[in-house]
Amino acid sequence: GAQLVAQCDDAQLGLAQRQGRVVIDYSSPNVAKRMHVGHLRSTVIGAALHNMTRFAGYEVIADNHIGDWGTQFGKLIVAWRGWLDAAAYEADPIGELQRIYADFEVRAEADPSLADQARHETAKLQAGDPDNRALWRQFIEVSLQEFNTLYARLGIQFDEVLGESAYNDMLQPLVDSLLASGVAQVSDGAVVIPFEDADGPGLAKAPMLIRKRDGAALYPTTDLATVRYRLDRWAPSRIIYVTDTRQQFHFQQVFAACKKLGWTQAELVHCWFGLLSMPEGTMSSRKGNVVNLKDLLDEAARHARALVD
Ligand code: ARG
């Protein structure tokens with residue numbers, strides 16, 4: 001009893017202060033899409049881990065690894081030039097970006113040349129075309145503005161917002177060095193990291209694709225580059241990733257690849273959670289059954305107010 005009271009009186013609740021640095025990768029939404037209820041858990045579970053880890057004495061680097069790179073930007077650029085409603089964009093930028101993107105998918109079914117145009121615009125963006133770069137930056141900016149409003153409301157702050165694009169220049173040299181060291185291999189014109197049973201349960205069934213036949217790097221490649229960067233930049237003792245269950249295999253592959261590479265200075269942890277679904281099935285913006293995070297928070301606030309008023 002007395003010991004518990006003393007513990008409660010202690011500002012640190014009697015917790016021994018831990019040493020070391022921890023990177024927590026959480027929230028990490030994709031740009032040009034409105035955050036919906038599916039993003040709530042990576043955001044709040046990540047923020048809870050962030051608070052607890054800091055309270056325990058670790059130095060924490062909260063990094064929002066936003067999805068700000070990839071082929072969706074070519075589609076958005078074509079859609080923007082083709083059928084943007086400027087007034088709607090002015091009033092609700094992300095809403096309008098979502099609308100023109102969804103429209104792209106519909107129109108592309110009837111007109112296959114749109115996909116080629118989008119590929120062309122993606123390639124131009126990646127090659128540094130100034131107009132496409134400016135549009136892309138704008139998409140990120142309006143998205144971050146809205147994300148930041150939600151983060152402010154939830155009382156969350158990140159130390160870094162290093163999106164996927166931050167690692168872009170590291171990808172080709174990384175793949176080349178993995179090929180040179182023999183960890184990666186050419187397979188059917190693509191580059192993969194093959195695994196064996198000894199690398200971990202279930203890993204032998206599929207290699208990790210890190211460069212497509214057309215030369216494009218992929219999500220796993222970016223995550224490898226991100227681990228390397230974080231080890232060099234922060235020398236953390238642990239890196240924690242907070243995503244839903246669908247990325248379990250992805251992180252098993254990434255972690256196993258890091259082990260093969262000897263990148264073992266930090267303990268890599270995937271903190272995953274289950275998928276949210278509605279009575280009528282999984283949520284999808286196409287099916288129109290997505291609950292926006294802002295609406296959800298508004299409703300929670302209304303209910304809370306009704307209780308206290
Ligand atoms: N942007 C990704 C998504 O929405 C999550 C990124 C998680 N972090 C990472 N380092 N892969 O699915």
Side-chain angles (χ1 to χ4, degrees), residues 22-50 60-73 76 94 97-98 101 136 139-140 143-144 146-148 150-151 156 158-168 170-171 174 193 208-210 217-234 236 238-258 261 263 266-277 282-286 290-293:
V22 178
V23 176
I24 310 182
D25 175 321
Y26 71 98
S27 194
S28 310
N30 295 330
V31 160
K33 290 198 182 147
R34 176 148 281 143
M35 284 176 80
H36 60 69
V37 61
H39 297 101
L40 181 62
R41 280 160 311 155
S42 174
T43 307
V44 297
I45 295 169
L49 284 170
H50 181 176
V60 182
I61 309 236
D63 186 3
N64 194 359
H65 188 82
I66 56 170
D68 62 358
W69 201 240
T71 52
Q72 72 270 33
F73 288 99
L76 269 175
I94 298 201
L97 290 179
Q98 281 201 156
Y101 188 85
W136 164 74
F139 299 153
I140 296 175
S143 305
L144 281 178
E146 184 166 312
F147 298 163
N148 285 337
L150 283 167
Y151 296 142
I156 294 174
F158 291 94
D159 304 295
E160 298 285 343
V161 185
L162 291 171
E164 291 176 23
S165 69
Y167 304 94
N168 190 41
M170 306 172 197
L171 305 184
L174 172 66
I193 300 182
M208 178 161 124
L209 183 59
I210 56 172
L218 296 130
Y219 185 59
T221 328
T222 303
D223 261 321
L224 284 182
T226 306
V227 171
R228 189 62 257 168
Y229 174 83
R230 287 171 175 165
L231 294 178
D232 294 341
R233 175 75 177 78
W234 291 299
R238 184 177 298 158
I239 306 176
I240 304 174
Y241 299 83
V242 188
T243 80
D244 74 46
T245 173
R246 287 172 300 182
Q247 299 200 31
Q248 279 199 74
F249 190 64
H250 164 72
F251 283 110
Q252 281 161 16
Q253 288 189 315
V254 170
F255 297 174
C258 290
L261 289 162
W263 299 357
E267 182 195 3
L268 304 175
V269 181
H270 183 207
C271 170
W272 57 271
F273 49 85
L275 269 186
L276 202 85
S277 67
T282 20
M283 263 179 293
S284 106
S285 12
R286 233 175 334 146
V290 170
V291 179
N292 287 328
L293 191 46

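Both ligands and their constituent atoms are indexed starting at 1 by order of listing.
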Please could you name the atoms of ligand 1 that [X] approaches to less than 4.0 Å, counting only its heavy atoms?
X    : answer
Y241 : 10 (N)
Q247 : 3 (C), 5 (C), 12 (O)
H65  : 8 (N), 9 (C), 10 (N)
F251 : 9 (C), 11 (N)

**OP:** Identify the residue among H250, Q247, R228 that makes a side chain to side chain donor-acceptor pair (under 3.5 Å) with D223.
**Re:** H250
**OP:** Would you mind checking which non-hydrogen protein atom is closest to atom 2 (C) of ligand 1, with the distance to 0.1 Å?
**Re:** S28 O, 3.6 Å
**OP:** Say whether N64 and Y151, considering side chains only, have a donor N or O and an acceptor N or O under 3.5 Å apart.
**Re:** yes
Verify whether the ring centers belonging to [X] and [Y] lie closer than 6.0 Å.
X    : Y    : value
F158 : F147 : no
H270 : F255 : no
W272 : Y241 : no

Flag [X] as yes when one of its N or O atoms lies below 3.5 Å from any N or O atom of ligand 1, and as no otherwise.
X    : result
E164 : no
Y219 : yes
D25  : yes

Subject >> Side chain proximity check, M208 to L224, heavy atoms < 4.5 angstrom >> reply: yes
Original post:
So, do C258 and L268 sit near enough that their side-chain heavy atoms are less than 4.5 Å apart?
Top reply: yes
4.0 Å heavy-atom contact, [X] with ligand 1:
X    : result
T243 : yes
R246 : no
Y26  : no

Original post:
When you measure from the side chain of T221 to the backbone N and O of L218, does any donor-acceptor pair fall under 3.5 Å?
Top reply: yes
**OP:** Select one of side chain, backbone, both or neither to describe which atoms of D223 lie under 4.0 Å from any atom of ligand 1, heavy atoms only.
**Re:** side chain
